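Report on one structure; see the data block that follows.
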Amino acid sequence: MVRKVLIANRGEIAVRVMRACRELGIASVAVYSEADKGALFATYADEAFPIGPAPATQSYLNIGKVIEAAMKAGADAIHPGYGFLAENPRFALACEEKGIAFIGPSSRVLELMGDKVAARREMTSAGVPVVPGTNERVTEFREAKEIAQQIGYPVIVKPSGGGGGIGMTIVQNEGDLLMALESCQAIAATTFGLADVYIEKYLSNPRHIEFQILGDSLGNVIHLGERECSIQRRHQKLIEEAPSSALTRELRAEMGEKAKNAAKWVGYVGAGTVEFLYCEGQFCFLEVNARVQVEHPVTEMVTGIDIVKEQLRIASGLRLSFTQEQVLMTGSAIECRINAEDPLSDFVPTPGRIRTYHAPGGIGIRVDSGVYAGYEIPPFYDPMISKLIAWGRDRNEAIARMQRALYEYIITGPKSNIPFHKAVMENPRFVKGDLSTHFIDRETTLARDMEAIVAREKGLAERLSRPEEEKRKIAAVSAAIAAAQGYGAGPTGHP
Ligand code: MV4
């Protein structure tokens, strides 16, 4: 087993990885920017090294500085978390060259999956259904016109070096194609340093369903079922759940097999996700995310498998600790991303100092966070405060638990998107499982619902923000729960 792991990341995911290390008796090393001196993860680690100024380009994205810290610490592996350098083939290569185990797939696989056109080609060869579209990059308008005509409008133009939605342009008819092509190429060039784009048939109302896969260095590949991530806003996922209410047992088995074939075909080692779009019984490959994902806990809650521990085993050359037959899925789990943003002001980020912090608990609740009372959320990074995950024997129980946990959750100081999550948990269409990637845009009552929730809690934040002794804080928390009684007996009718 690896003995010392450097975590090339910050916030909740750094803490998440260090927790797995601690359970396995592995030493953990943090690297932190000047903005993260007081962060929980830097304190939680066994050792911590400063790596530069707050802007990520000068710290968390600086390959040289991260490698240098790993050498200084004598780390034998690096866990990249998600974002930052997690899917950077040059970083994986730099680790490989220094004899440090990169906890993730090889630089070759990262390269292949990072090139979305190449990924489409590989998946086609692997027998995985892909969205109708091009298997080569498109440069000329003439080519684009031909392809779009073949597959039929609407189409979507996507940057090949991208993923995650940036630069994607939907085109309804030929008249709009040239502009879309040029703007997508321009965004691709500036954002990803590569003007290559490709074209797919645009699926108008799909659900986003992704499969968690794990591959070890002995060639074993298993899947841990799916997550549905349809509740997103501007390509930022906000709520994820497992299992998806759209899938039957048969479809799950079929998609799981395809996801495994995809991983086997490219020689995938590590934890990863195969993303699909799902529409009226049909599923199509979208892209591979070659990292541990923000939403991995929902899979952990329904399978009981510690995905980060498996990553550490895999990086140590060990076999996966279970077979496909031993993977049992029980119940239902939902994750709400708690962000420092104001859902009533177009979700504008609201960094700042947390004054009061009371995390929910109780049966079926998990909170993964990197914050504490008095912590100042820096403005330089993603404004995620924590992930709140609820498990229940069925989806209704998970929703009921999530709802009561959201009302127990007290964060004062920066505004958070908790009112948004409260509104969704009582939304009839959400409760029914009637989801799509356009859910937020189409649920026109959400804004009003959030306003009503915020109005109901008016005065609470102010009361909670006063400096108080511990006893009175507890009383305040009870008061917060009492104030929230307005949400009623629960929309799910869970007994
Ligand atoms: C699509 C699609 C429809 N058809 N591809 C967005 C995130 C990235 N992983 C892939 N995305 C999409 N790809 C095809 N062929 C719809 C989305 C999509 C989306 C696209 C543009 C603007 C907003 C969107 C919101 C959700 C999903």
Side-chain angles (χ1 to χ4, degrees), residues 1-107 110-111 114 269-271 290-292 294 308-309 311-317 368-372 375-382 384:
M1 194 63 116
V2 293
R3 284 168 308 140
K4 197 186 237 191
V5 175
L6 180 139
I7 295 90
N9 215 303
R10 60 181 302 283
E12 69 84 22
I13 193 62
V15 177
R16 167 72 190 89
V17 174
M18 289 169 195
R19 282 176 168 153
C21 289
R22 198 151 284 177
E23 287 179 29
L24 289 168
I26 297 169
S28 59
V29 182
V31 288
Y32 62 94
S33 74
E34 277 163 26
D36 281 335
K37 266 195 198 111
L40 184 65
F41 76 93
T43 319
Y44 192 100
D46 297 318
E47 291 172 54
F49 291 85
I51 51 161
T57 48
Q58 295 172 60
S59 48
Y60 300 108
L61 286 169
N62 188 313
I63 294 176
K65 283 182 182 167
V66 173
I67 298 275
E68 187 192 323
M71 301 303 281
K72 227 191 290 179
D76 48 12
I78 295 183
H79 195 302
Y82 50 70
F84 298 124
L85 297 170
E87 292 172 275
N88 186 319
R90 282 181 296 114
F91 182 53
L93 193 63
C95 293
E96 287 161 26
E97 281 167 2
K98 293 282 181 196
I100 301 168
F102 174 79
I103 302 179
S106 64
S107 55
L110 289 178
E111 190 90 53
V269 176
R291 59 170 191 274
V292 72
V294 176
V308 178
K309 269 190 196 169
Q311 286 187 294
L312 293 165
R313 285 180 62 87
I314 294 164
S316 307
D368 276 23
S369 97
V371 308
Y372 52 84
Y375 174 72
E376 185 162 356
I377 300 162
F380 304 99
Y381 317 105
D382 187 281
M384 194 163 71

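Every heavy atom of this structure was used, including side-chain atoms; hydrogens, water molecules and symmetry mates were not. Just so it is clear, the structure is predicted and the values come from calculations on it, not from any experiment.
- Rounding to the nearest 0.5 angstrom, the gap separating the OH atom in Tyr44 from the CZ atom in Arg22 is 4.5 Å.
- Side-chain contact between Val294 and Met384 is present, with heavy atoms from C-beta onward closer than 4.5 Å.
- The main-chain N or O of Ser28 is found under 3.5 Å from a side-chain atom of Asp46 such that the two form a donor-acceptor pair.
- Scanning all heavy atoms of the two residues, the minimum distance from Met1 to Ser316 falls at SD-OG, 3.2 Å.
- Separating the CG atom in Leu85 from the CD1 atom in Ile63 is a distance of 5.5 Å, to the nearest 0.5 Å.
- With Ile103 as reference, Val5 is the one residue of Ile78, Val5, Leu6, Ile7 to meet the side-chain contact (heavy atoms from CB on, under 4.5 Å) rule.
- Checked by atom type and distance alone, the side chain of Glu47 never pairs as donor or acceptor with a backbone atom of Ala73 at under 3.5 Å.
- For the pair Arg10 and Phe84, the cation-pi criterion (under 6.0 Å, within 45° of the ring axis) is not fulfilled.
- The side-chain heavy atoms of Ile67 and Cys95, taken from C-beta on, include a pair separated by under 4.5 Å.
- Taking 4.5 Å as the limit, every side-chain heavy atom of Asn62 sits out of range of all side-chain heavy atoms of Ile51.
- The side-chain heavy atoms of Val15 and Asp368, taken from C-beta on, include no pair separated by under 4.5 Å.
- The line from OG1 of Thr43 to CE of Met18 is 9.5 Å long, rounded to the nearest 0.5 Å.
- Once rounded to the nearest 0.5 Å, the distance linking CZ of Phe91 with CZ of Phe102 reads 6.5 Å.
- Considering all non-hydrogen atoms of both residues, Val31 and Phe41 come closest at O-CE1, 3.4 Å.
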Stepwise side chain to side chain donor-acceptor pair (under 3.5 Å) test for Asp36 and Tyr60: CA-CA 11 Å; Asp36 281 335; Tyr60 300 108; 2.5 Å; yes
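- Interatomic distance, NZ of Lys98 versus CD of Glu68, reported as 10.0 Å (0.5 Å rounding).
- Rounding to the nearest 0.5 Å places CZ of Arg90 at 9.5 Å from CD of Glu111.
- Annotation for Ala290 and Glu87: closest pair N-OE2, 2.8 Å, computed over non-hydrogen atoms.
- Pairing each heavy atom of Leu40 with each of Ser369, the nearest pair is CD2-O, 4.1 Å.
- When all heavy atoms of Pro53 and Ser33 are compared, the closest pair comes out as O-CB, 3.6 Å.
- Using a 4.5 Å heavy-atom threshold, the side chains of Leu312 and Ile26 count as touching.
- For Tyr372, the ring-ring contact (aromatic ring centres under 6.0 Å, His included) criterion is met by Tyr375, not counting sequence neighbours.
- The heavy-atom pair separating Ala8 from Val66 by the smallest distance is CB-CG1, 3.8 Å.
- With hydrogens and angles disregarded, a donor-acceptor distance shorter than 3.5 Å links the side chain of Tyr381 to the backbone of Ala54.
- For the pair Val292 and Arg16, the minimum side-chain heavy-atom distance is 4.5 Å or more.
- With a 4.5 Å cut-off on side-chain heavy atoms, Glu34 and Ser59 do not count as touching.
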